Amino acid sequence: MHYQKLLGLISLLFITGLAVGQERYIDRAGTASFFSEAPLENISAHNRQVLSIIDMKTAEIAVSMLMKSFIFEKALMQEHFNEKYVESDKYPKAIFKGTIDGLDKIDLTQNGTHTVQVKGMLTIHGETNPLTTRAVLTVENGVLWGTTSFPVKLEDYNIKVPSLVIKNIAETVAVDVKFNWGVR
Amino acid sequence: MVIGLLFLAIIIAYYVATKPPALAGDPAMKVTADQLVTEFSDHEDAATHKYVDQVLQVQGVIHEVIEQEGTFVILLGKEAAAARVSCTLRRNNDAVAYGLTTGDRLDIKGRCTGFLLDVVLNDCEVITLE
């Protein structure tokens, strides 16, 4: 039910965004990657179909991604990730909703790089926690790029790692995201 | 004998643990991009049950080709539509992707992972291009 409400909100943001012009930007193909560094092995995965909407007027940002769209190097890792850890049939999406401090000071007609603070709530595996992170926004010829990195502690999202594979999976994984608003 | 079997078991275990994700196999269903978007937009739960985790053959018109560091995401759908079908091409399809442009009609197969604003397909491969 929660997801449907959010989807409704995203649709609404998108539709009203179209109506009022270039105040809201959407990226349907953002990237999210995570990296787990553990004594026995390093694991990375990439999701290239991350949806994000940014509202230049209210400085709000909404991000949504499908857990099943994370691609791993090894099939078994992908299977365990979906079935045992994030339970993607039960919790199909990861969602972030927040605001960007200092977005109003960015002029989209001027090329430049800006460091901003993003604050909001991140939901993974049905658990929601506050998230504050620094992000870099770059304006390049009318295109707005955004990148950020932050740690995700698996315990905070009730993701349990069996003791048998404790040396294969890090307790905290590093997440990197990249968006491109303005072209698409 | 026992050592031989053990050795074989280790080789099999290693193969299973390290093999790359399986590529999308033969499509279980054939559907147009518009039909897929309509079903997910109208009844997301039913469409999720029907399509997610299935390999689909989707026919549609390219709205946009997006390149991200050597990987391609193809958006299929009508210009005016809010929702589209988003397809990430598998890496070995790059050569095909460079030849794709907006307006091309094609058949693409891939594994459906769900619905955000667009219906999402992974591990896609272009089957036919008109």
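In what follows, every chain begins at residue 1, and chains take the letters A, B, ... in the order their sequences are listed. Not measured: the values here are computed from a predicted model.
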**Q** Determine whether A:Phe35 and A:Phe81 fall in the same hydrophobic cluster, where Ile, Leu, Val, Met, Phe, Trp and Tyr are linked whenever their side-chain heavy atoms lie under 4.5 Å apart.
**A** no
**Q** Would you find more than 12 non-hydrogen atoms of other residues, nucleotides or ligands less than 6.0 Å from A:Glu171 atom CD?
**A** no
**Q** Atom CD of residue position B:Gln54 - does it have more than 12 heavy atoms of other residues, nucleotides or ligands inside 6.0 Å?
**A** yes
**Q** Find the distance between OG1 (B:Thr71) and CD1 (A:Ile71) and round it off to the nearest 0.5 Å.
**A** 10.0 Å
**Q** How many angstroms lie between CG in B:Asn122 and CZ in A:Arg48, if you round to the nearest 0.5 Å?
**A** 10.5 Å
**Q** So, the side chain of B:Gln68 versus the backbone of A:Ala29: is there a donor-acceptor pair under 3.5 Å, distance only?
**A** yes
**Q** For atom CG of A:Leu164, decide whether the heavy atoms of other residues, nucleotides or ligands shown that lie under 6.0 angstrom number more than 12.
**A** no
**Q** For the side chain to side chain contact (heavy atoms under 4.5 Å, CB included) test, which of A:Gln49, A:Met65, A:Arg28 pairs with B:Val120?
**A** A:Gln49
**Q** Is it true that atom CD of A:Glu155 has more than 12 heavy atoms of other residues, nucleotides or ligands lying nearer than 6.0 Å?
**A** no
**Q** Name all residues meeting the salt bridge (charged side-chain N to carboxylate O under 4.0 Å, His left out) criterion together with B:Asp53; count only those two or more places apart in sequence or in a different chain, and write none if there are none.
**A** A:Lys68
**Q** Can you tell me how far the CG atom of B:Asp118 sits from the CG atom of A:Leu66, to the nearest 0.5 Å?
**A** 10.0 Å
**Q** To the nearest 0.5 angstrom, please state how far the CG atom of B:Leu121 sits from the OG atom of A:Ser69.
**A** 9.0 Å
**Q** Could you measure the distance from the CG atom of A:Asn82 to the OG1 atom of B:Thr113? Nearest 0.5 Å is fine.
**A** 9.5 Å
